[in-house]
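Lettering of chains follows the sequences in order, A, B, ..., and the numbering in each one begins at 1. Computed from a predicted structure; not experimentally measured.
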Number of protein chains: 2
Amino acid sequence: MSRIKYSPLYLEAKTELIKMIKKGDFKNNKLPPEDKLSEMLGISRSTIREALITLDREGIITKKQGIGNLIHRSTLETKMRIDLIRDFLKLLDDGGYKATVKRIKSGWTDKLTQFDTKIPSSFRDKKYFLIEFLYLANSQPAILAINIIPESVLNTTPQSEEMPFDSFKKYLSFLNKYTDEEISHSISKYAPGKANQTISKILKIKESEPIIKREEFYYGIFDKLLCYSEIFFHPHLISLTMIHKLNQ
Amino acid sequence: MSRIKYSPLYLEAKTELIKMIKKGDFKNNKLPPEDKLSEMLGISRSTIREALITLDREGIITKKQGIGNLIHRSTLETKMRIDLIRDFLKLLDDGGYKATVKRIKSGWTDKLTQFDTKIPSSFRDKKYFLIEFLYLANSQPAILAINIIPESVLNTTPQSEEMPFDSFKKYLSFLNKYTDEEISHSISKYAPGKANQTISKILKIKESEPIIKREEFYYGIFDKLLCYSEIFFHPHLISLTMIHKLNQ
DNA sequence: GAGTGGTCTAGACCACCCC
DNA sequence: GGGTGGTCTAGACCACTCA
C-alpha cells in the first residue's frame, strides 16, 4: 500500500472514520470491532486505537469495554465548541458565520484602569503593549478581544504591519517572535458582567446588558506569563458550548 | 516487582509522576527522558507515554519533540477547573471550600415556563420530573442546579429516598437506574443572564445581578437525551476556570 | 463461552532540536 | 551527531458484557 506521508497514520485513520460515520457506513450507531477496523484499513490495532481514543476524547464516540465503540451523532452536530476550537475565526466559521477580524487599536499604554481585573502580581510592569481585535460574524461585531503584553516580556516593539492577524496561529507566531518563549497554554476564567458604555458601543448591544467575559492568561513552554487577554462575547451571536464525557 | 493490581499501571505511573513533580524531584521544570523514566519506574516506555499523554492533555506538562516533557507549575496550581471536574461537590472542594449539597425541591411538573430556555423539540413531554439541588460552599449558597427529566425516559417514578445525592456519581447512578440507558456525555452552553427574584433569593445575591447560567443536555450511550439541566453559579464564590493547550 | 475493548510489552525507525 | 519525543507494529493476556 503506497502512502504519501503528510500526516500521521492515526490522524488519517481518524479523518477516514469521521468521513465514514458521516456517510452513514455503520449501522446501529456502532463501529465495527477494533480488529475488524484494523483489517479494513490495513493498520495495526494500536494505531486504530490512537484514532479512536482521540475521537472518544472529543466526544464523537464512547468506548465501552465488552460492548464496542458507540457513535454519538449529538456531538458530531455540535457547533462552536470552546473546548475544541480556540481560534475565534474558526469558532465563528464553525457556527455558520462568515468570519472576519479587524484590529481596532494597538500601542503602548501605562494605565490598565479600564480593566476591572486584578492583574496578577507576577504581572506588574510600568508599560504594556495593547492590541484590540474585533471579530465580526456576517459583518456584525461578535467578539471583542483585548490583548495585553507586559513590556518586560517583549524583546522589541511590535511592528504594526505584523499585526493584521487573520488567524489565531499568526497571533501565536507573533507572540513567539516578540517574547523569546514559545507559547504553550492558557488559563481562562469566565465571569459574568454588564456591558459598559464602550463595550456596548463596540458590540452594538444595549448598555448594561449581561455579558460573559473571559479573562485569559497565556503561558510559554517554560511557564512564563506572556500575555493577558480580556474577551467579550456578544450575548446573542455567540454560543459558548462544550462537551463533557461523564463516568470517567 | 510485585504489584497489587487495583488500577492500571499507567494511572499509577501518572499519580507517581505528579507526586514527584510536586515534591520537586525534577530540576529545570523538565522530566527525565522517557526511556530514563521507563527504567526508573520499571515500566515500558509505551506505558510511561500513556501516563505522560494524560498529563499533557490535562495541561500539567507539555510534550515537545526534540526537547523533552516540560512541567507547568502554573496549571498544577489552578483550581476549580470546569474542564476536568464535573462534580460540583468536588469542584467546591477543589476551590478550598467545605462543600455540601441539599435537595430543595423534587417532583412532577407540567409547566416549564419558569425556564427561559428553548427546550429542544426532541424533548416535548407533557410531564417532567424536576429535581433542584443547592450546593453550599462553607454553608453559603454557591451553585443552583435544576434537573429536568422528561416522563418518557423514566421507567418508574423516582423514589424520594434515593435522591439525597452526595456525589455526582450517585446522580449518574440514579439516572442509569431510572432511565434504562447508561449516561455517557453532556453538551453544555454558557449564557449570560440576570438573577431573577427567585434565583437572587436562593443564591443570596442582588436581584438583576449578572450571572452565568449553564444549560446542560445529558445523553445516554445510545445518544438518547435523558436530562436537561439549568445551572446558576454564584458570581463571586465560583470561578469557572479552564485550561487550553495551544499550538495543537 | 464468544466477542469486544483495556493494558502492557519489546522493538524498530522517524522527526525534530540543539550543539 | 547525539538526544529526545513521535509513530507504528505484532502479539500476549486481562476484564467486561451479553447470551
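Residues from residues 50-66 of chain A placing a heavy atom under 4.0 Å of any atom in DNA chain D, listed by number, are A:Q65, A:G66.
One end of the helix from C:dG1-D:dC18 to C:dC18-D:dG1 points its axis 20° away from the other end's axis, with each axis taken from 5 pairs and the angle rounded to 10°.
Each of B:I48 and B:R45 lies near DNA chain C, and the nucleotide nearest B:I48 is the one positioned closer to the 5' end.
When the P atom of C:dC8 is taken as reference, atom CD of B:E34 falls 16 Å away, rounded to whole Å. As rounded to whole Å, 14 Å separates atom P of D:dG11 from atom CD of A:E39. Atoms CG (A:L9) and C1' (D:dG6) sit 13 Å apart, rounded to a whole Å. Summarising the geometry, the separation between CD1 on A:I71 and C1' on C:dG5 is reported as 16 Å, rounded to the nearest angstrom. With rounding to whole Å, A:I67 atom CD1 is found 20 Å from C:dA2 atom P. Straight-line distance from the CG atom of A:L70 to the C1' atom of D:dC16: 14 Å, rounded to whole Å. With rounding to whole Å, A:Y10 atom OH is found 8 Å from D:dG6 atom C1'. Rounded to a whole Å, the CZ atom of A:R49 is 11 Å from the C1' atom of C:dC8.
For A:T47 and D:dT9, the shortest distance from a side-chain N or O to OP1 or OP2 is below 4.0 Å.
A salt bridge between B:K170 and B:D166 is present, with a side-chain N of the basic residue lying under 4.0 Å from a carboxylate O of the acidic one.
None of B:K14, B:R81, B:K245 except one satisfies the salt bridge (charged side-chain N to carboxylate O under 4.0 Å, His left out) rule with B:E58; the exception is B:K14.
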Mind running side chain to side chain donor-acceptor pair (under 3.5 Å) on B:T75 and B:T78 for me, showing each step along the way? CA-CA 5 Å; B:T75 62; B:T78 300; 5.9 Å; no
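Residues forming a side chain to side chain contact (heavy atoms under 4.5 Å, CB included) with B:R57 (at least two apart in sequence, or on another chain): A:R57, B:T54.
Among the protein residues, A:N69 comes within range of the sugar-phosphate backbone only, with heavy atoms under 4.0 Å from sugar or phosphate atoms but none that close to a base.
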